[in-house]
Amino acid sequence: MKNNHFTILIPAYNCEKWIKRNLKSAMKQDYDNYEVIYIDDASTDGTAEVLKEICDSIEPSNCILKTIHNKVNRRALANLYDGINMSQHGTIIVALDGDDWLANRQVLSTLNEIYQNDKIWITAGSYIENTGGRVVRPVISADYWDGNIRQKEWTFSHLRTFRKELFQEIRRADMIDVDGDFYKFTWDRVIMYPMIEMAGPNHFTDIQKIQYVYNRTNPISVDRVHRRDQLRIEADLKRKTPYPRLRELRKVE
């Protein structure tokens, strides 16, 4: 069995309350070929201090932890863009929000089994909410791939993973808002729409087993504080021209 390399990317802002659980879930995976990139996006609470405590007391583990501290708040998409570009060639990106956590220690092992198939370029998964226990899973009908998926119900949720080379096929211009900067919200749709379109059903798989815990206790979550901006960006993305299917991924050396 191949031992694929994974990069767990964690963009975080004011996550002091959840950073320990978040990082523990990422760094204690029963897997031995991965790195964690934690990006503190100019937090104003104690996120940076707790992160330093964790780094100072870190024990040897199966992963490498890299930390970035932004001087200005750049939002998740810009951080993901930078983190993906600094990750090694051939890695598989695992996107983890700073206030959430992975559901178990076997997440990367499960993903490694899936990515044994070189034809799989991207996955979307199932999550459970930490309050109430609501479970959300991908629902993709047989005819889902017919027509423009941007006009259909959104179903590509946590845990989201993809090959770095697939992300690099997205045009940077399609990640930029009208103000000339990266979209500040709705990063998931900004990057998932193009990658799902390029992959199509032959290079995508959904994961029905829960791999992710979605934190519903964060008072500054985007859907609570910036819902109007979310809806505007969603509408903008739906108007964009879908990407054509790719026959193969380019190997970047």
Side-chain angles (χ1 to χ4, degrees), residues 3-88 91-112 123 125-131 157-162 164 187-188 207 209-222:
N3 197 20
N4 288 292
H5 184 271
F6 293 91
T7 299
I8 302 178
L9 271 180
I10 310 175
Y13 175 71
N14 284 1
C15 291
E16 176 185 6
K17 294 181 180 179
W18 308 287
I19 181 175
K20 289 184 178 179
R21 189 166 191 176
N22 170 275
L23 267 178
K24 181 179 179 181
S25 78
M27 297 186 66
K28 296 297 183 179
Q29 288 290 300
D30 293 332
Y31 195 75
D32 62 3
N33 188 26
Y34 74 107
E35 65 180 352
V36 176
I37 301 178
Y38 192 97
I39 305 174
D40 173 22
D41 197 20
S43 296
T44 59
D45 65 352
T47 297
E49 289 75 13
V50 177
L51 181 58
K52 184 178 185 304
E53 291 175 10
I54 293 172
C55 292
D56 289 345
S57 61
I58 198 168
E59 299 178 358
S61 66
N62 293 332
C63 82
I64 298 170
L65 174 63
K66 300 176 181 177
T67 60
I68 299 171
H69 296 273
N70 291 342
K71 294 183 179 180
V72 296
N73 183 255
R74 302 184 64 222
R75 305 286 184 177
L77 179 56
N79 291 318
L80 285 166
Y81 182 86
D82 289 346
I84 292 169
N85 283 323
M86 72 177 285
S87 65
Q88 73 176 51
T91 193
I92 298 164
I93 304 297
V94 179
L96 173 62
D97 288 344
D99 56 348
D100 300 333
W101 50 92
L102 300 178
N104 56 70
R105 295 180 60 155
Q106 289 75 47
V107 170
L108 293 187
S109 297
T110 298
L111 290 171
N112 188 51
T123 74
S126 307
Y127 66 82
I128 185 170
E129 295 183 352
N130 68 323
T131 58
S157 197
H158 305 295
L159 178 67
R160 304 179 183 94
T161 78
F162 48 88
K164 176 178 178 177
W187 69 263
D188 51 351
I207 302 175
K209 183 179 178 181
I210 296 171
Q211 304 291 330
Y212 195 97
V213 180
Y214 182 31
N215 178 13
R216 295 300 297 159
T217 64
N218 189 346
I220 63 170
S221 60
V222 172

*Identify, with sequence neighbours excluded, every residue that meets side-chain hydrogen bond (donor to acceptor under 3.5 Å, both in side chains) alongside Asn104.*
none
_To check you understand the geometry: which heavy-atom pair defines the closest contact between Gly98 and Ala12, and what is its length?_
CA-CB, 3.9 Å
*Rounded to the nearest 0.5 Å, how far apart are CG of Asn14 and CG of Asn218?*
8.5 Å
_Can you confirm whether the side chains of Asn73 and Tyr13 place a donor and an acceptor under 3.5 Å from each other?_
no
*Which atom pair, heavy atoms only, marks the closest approach of Lys28 to Tyr34?*
N-OH, 3.8 Å
_Leu96 CG to Thr161 OG1 distance, which is reported to the nearest 0.5 Å_ = 12.5 Å
*Arg74: partners by salt bridge (Lys or Arg N to Asp or Glu O under 4.0 Å), with sequence neighbours left out*: Asp82
*With sequence neighbours excluded, what pairs up with Tyr38 under the ring pair (Phe, Tyr, Trp, His ring centres under 6.0 Å) test?*
none
*What pair of heavy atoms forms the shortest contact from Asn112 to Phe6, and how long is it?*
N-CZ, 3.6 Å
_Using 0.5 Å steps for rounding, measure from the CD1 atom of Ile207 to the CG atom of Leu111._
5.0 Å
_Quick one, Leu23 with Leu65, criterion side chain to side chain contact (heavy atoms under 4.5 Å, CB included). Give me CA distance, side-chain angles, the key distance, then yes/no._
CA-CA 9 Å; Leu23 267 178; Leu65 174 63; 4.1 Å; yes
*Please collect all salt bridge (Lys or Arg N to Asp or Glu O under 4.0 Å) contacts where either partner lies in residues 29-52, sequence neighbours excluded, each pair once.*
Asp30-Arg105, Glu35-Lys66, Lys52-Asp56
_Non-neighbouring partners of Arg160 that pass salt bridge (Lys or Arg N to Asp or Glu O under 4.0 Å), sequence neighbours left out_ = Asp188
*Are a donor atom and an acceptor atom from the side chains of Tyr31 and Asn3 found within less than 3.5 Å of each other?*
yes
*Considering all heavy atoms of both residues, which atom of Ala95 and which atom of Leu159 are nearest to each other, and what is their separation?*
O-CD1, 3.5 Å
*Mind telling me whether His158 and Tyr212 have parallel, tilted or perpendicular rings, with 30° and 60° as the class edges?*
parallel
*asked:* Let's go through Leu51 and His69 carefully: what are the C-alpha distance in whole Å and the side-chain angles of both, what is the deciding distance for side chain to side chain contact (heavy atoms under 4.5 Å, CB included) to 0.1 Å, and is it a yes or a no?
replied: CA-CA 10 Å; Leu51 181 58; His69 296 273; 3.5 Å; yes
_Which residues share a salt bridge (Lys or Arg N to Asp or Glu O under 4.0 Å) with Glu53, sequence neighbours left out_ = none
*asked:* Please report the interatomic distance CG(Asp99) to CG(Asn215), rounded to the nearest 0.5 Å.
replied: 5.0 Å
*Of all heavy-atom pairs between Met86 and Ile68, which one has the smallest distance, and what is that distance?*
SD-CD1, 3.5 Å
*asked:* More than 12 heavy atoms of other residues, nucleotides or ligands under 6.0 Å from CD1 of Ile220: yes or no?
replied: yes
_Atom of Ile37, atom of Gly83 and distance for their closest heavy-atom approach_ = CD1-O, 3.9 Å
